[in-house]
Amino acid sequence: MPTLLACNAQILVTMDGARHEIAGGGLFARDGVIEAVGPSASLPQTADEVLDLQNHIVIPGLVNTHHHLYQNLTRVVPAGQDQLLFGWLKTLYPIWARMEPEHIRVSALVGLAELALSGCTTASDHLYMFPNGARLDDEIEAASEIGLRFTATRGSMSIGESQGGLPPDSVVEKPDAILKDCERIIARYHDASPNSMLRIALAPCSPFSVSRELMRDTAAMAARHKIGLHTHLAENAEDIAYSLEKFGMRPGQYAEEAGWTGDHVWHAHCCVLDDAEIGLFARTGTGIAHCPTSNMRLGSGIAPLRKMLDRGVHIGLGVDGSASNDCADLLGEARLAMLLQRAGGNAGALTARQALELATRGGARVLGRASEIGQLAPGFAADFAAFPLDTPMMAGTQWDPVAGLIFCGPQRAAFTVVKGRVVVREGRVTTVDMRKTLARHGDLVRGLINN
């Protein structure tokens with residue numbers, strides 16, 4: 001079984017139960033699982049792979065709880081740059097409808113590489129459109145090639161414009177076909193074993209694009225297979241108005257009625273949950289993927305993160321789609337999460353370490369993997385990222401390098417390791433030919449622009 005030794009880190013941030021931070025720290029792993037963490041002198045001194053991380057800060061691999069990888073093909077589309085959510089979607093749906101399987105695969109390669117370069121080791125993606133023969137399999141293949149731990153969510157849309165939904169009819173599917181493919185995907189790919197690289201969750205897109213019946217049927221299927229459930233909820237004022245008009249209730253009430261609460265469920269955004277809905281999520285263990293950059297970009301609002309945390313809601317961070325965020329930088333999301341909570345006048349509303357915890361332990365808990373990832377401790381996955389301290393961005397952070405990782409930036413990982421495998425080495429992705437991949441990505445973008 002292959003072994004790995006990471007040693008001599010300036011600081012190793014464990015995020016373990018006691019939140020230990022070890023000067024001169026390191027870890028030793030065998031077959032992708034950590035066996036020992038501590039001062040480097042206390043660890044085995046040889047291994048199949050040795051990473052000497054002097055002058056680096058090492059953290060648990062970051063966990064991204066919400067993304068739409070395909071959207072990096074439609075970054076900064078001019079007509080959508082200044083739109084609120086619903087207008088932005090209506091601008092982009094027709095472009096997305098022209099995509100094919102290669103668009104899904106190549107965009108996933110690029111998006112997951114971008115995440116890996118930011119220190120992310122586990123990603124969840126929400127793919128809810130399958131135009132022209134595209135399948136969830138296309139991005140699952142890309143995740144395997146890149147080497148990130150992956151939660152692939154089989155999304156869906158069933159209510160088109162002709163039935164009062166938001167998406168055009170050309171991109172929605174029949175409910176029976178959706179449920180049949182969900183069963184196929186679960187049977188073929190879901191790996192519930194400890195430390196697995198691939199999990200499946202079910203993810204109808206949103207209450208404004210999926211029928212009540214499909215929401216309920218999907219929840220029942222997820223319960224039967226003991227897998228996760230994910231959707232968008234309470235993203236902005238338009239979302240609330242739609243829910244009140246169509247269902248006669250707020251989004252949180254709708255989620256509860258449809259069977260969409262519990263510790264296997266996580267909702268993206270939740271910018272406009274009220275006190276009763278926050279209480280519901282706290283009581284039921286329902287998680288939230290907090291996406292501050294996207295929420296700002298689309299004018300959706302600022303999620304009441306501090307209030308949610310104080311009530312005990314489980315929260316992780318998400319970069320959201322690369323057409324509503326335009327980058328995939330999870331440390332950047334942690335920084336913005338911290339700063340936005342302070343903007344209301346309380347400079348201590350969220351600390352740097354609390355923000356980093358959301359990006360690691362918090363995301364692991366939201367994805368149902370708190371016993372496997374999100375911290376560096378014996379028995380946990382050997383998923384970590386190392387960031388150099390000898391950069392202009394980190395100059396002067398000797399006072400508190402851990403806080404500097406969040407306050408300062410932008411940051412790029414020198415090393416990203418997943419299950420003991422080096423995916424990023426000295427700032428370069430090791431698992432795919434990025435020059436070739438980016439060239440093909442550019443061709444695909446130009447094809448969408450010109451057709």
Side-chain angles (χ1 to χ4, degrees), residues 63 65-66 124 126 128 151 153-156 158-159 175 178-179 182 186 190 192 199-236 239-240 242-244 246-291 295 300 303-318 320 358 361-371:
V63 181
T65 62
H66 183 67
S124 174
H126 189 183
Y128 54 80
T151 296
T153 73
R154 205 298 182 181
S156 56
S158 67
I159 301 294
I178 291 167
L179 294 171
C182 287
I186 295 166
H190 182 63
R199 298 275 171 90
I200 299 296
L202 302 182
C205 180
S206 63
F208 53 78
S209 60
V210 175
S211 69
R212 279 186 173 188
E213 292 75 20
L214 186 59
M215 289 289 284
R216 291 172 180 148
D217 289 346
T218 305
M221 182 184 293
R224 189 164 64 250
H225 289 286
K226 298 181 180 178
I227 62 174
L229 276 173
H230 183 53
T231 193
H232 300 93
L233 198 78
E235 188 166 351
N236 70 359
D239 202 338
I240 299 295
Y242 184 94
S243 185
L244 291 172
K246 298 293 183 181
F247 311 127
M249 62 184 75
R250 287 183 57 88
Q253 296 170 288
Y254 178 82
E256 184 177 30
E257 181 194 80
W260 277 74
T261 58
D263 60 8
H264 66 301
V265 182
W266 78 106
H267 297 283
H269 304 298
C270 297
C271 296
V272 286
L273 291 184
D274 66 15
D275 285 347
E277 291 165 322
I278 292 171
L280 169 67
F281 280 26
R283 288 193 308 276
T284 58
T286 306
I288 292 174
H290 177 46
C291 308
N295 296 339
S300 297
L305 182 62
R306 184 69 266 168
K307 181 185 290 187
M308 293 172 175
L309 291 171
D310 289 344
R311 296 285 291 275
V313 178
H314 302 161
I315 297 177
L317 297 181
D320 201 14
L358 292 176
R361 290 177 63 104
R365 189 170 191 178
V366 164
L367 294 184
R369 308 201 68 168
S371 64

Are [X] and [Y] packed together at the side-chain level, in the sense that at least one heavy-atom pair is separated by less than 4.5 angstrom?
X	Y	result
L280	T286	no
S209	I159	no
P304	I278	yes
H190	I227	yes
M221	C182	yes
I178	T218	no

Taking only residues two or more places apart in sequence, or in another chain, which ones meet [X] in a ring-ring contact (aromatic ring centres under 6.0 Å, His included)?
X	answer
Y242	none
H66	H68, H126, H230, H232, H269
H267	F281

Which atom of [X] lies closest to which atom of [Y], heavy atoms considered:
X	Y	result
H290	L305	CD2-CD2, 3.8 Å
M308	L273	CE-CD1, 4.1 Å
T151	W266	CG2-CH2, 4.3 Å
G252	E277	N-OE2, 2.7 Å
A222	G228	CB-O, 4.1 Å
L233	P207	CD1-CG, 4.0 Å

Check: [Y] main-chain N/O paired with [X] side-chain donor or acceptor under 3.5 Å:
X	Y	answer
N236	S300	no
S243	D239	no
T65	G363	no
T153	A201	no
T231	P204	yes

Sequence neighbours excluded and cut-off under 3.5 Å, please list the side-chain donor-acceptor pairs for residues 256-263, or say none.
unit_1 : atom_1 : unit_2 : atom_2 : d
E257   : OE1    : R216   : NH2    : 3.1
W260   : NE1    : M215   : O      : 2.9

Quiz item: How would you list, by chain and number, every residue that makes a side chain to side chain contact (heavy atoms under 4.5 Å, CB included) with H314, sequence neighbours excluded?
Solution: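 Expected list: R365, V366.
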Self-check item: Residue list, side chain to side chain contact (heavy atoms under 4.5 Å, CB included) with Q253, at least two apart or on another chain
Solution: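 M249, R250.
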Quiz prompt | CA sep, side-chain torsions, deciding dist, call: D275, K307, side-chain contact (heavy atoms from CB on, under 4.5 Å) | solution = CA-CA 9 Å; D275 285 347; K307 181 185 290 187; 3.0 Å; yes
Practice problem: Could you give me the CA-CA distance, side-chain angles and deciding distance for L367 and S124, then say whether side-chain contact (heavy atoms from CB on, under 4.5 Å) is met? | Solution: CA-CA 8 Å; L367 294 184; S124 174; 4.1 Å; yes
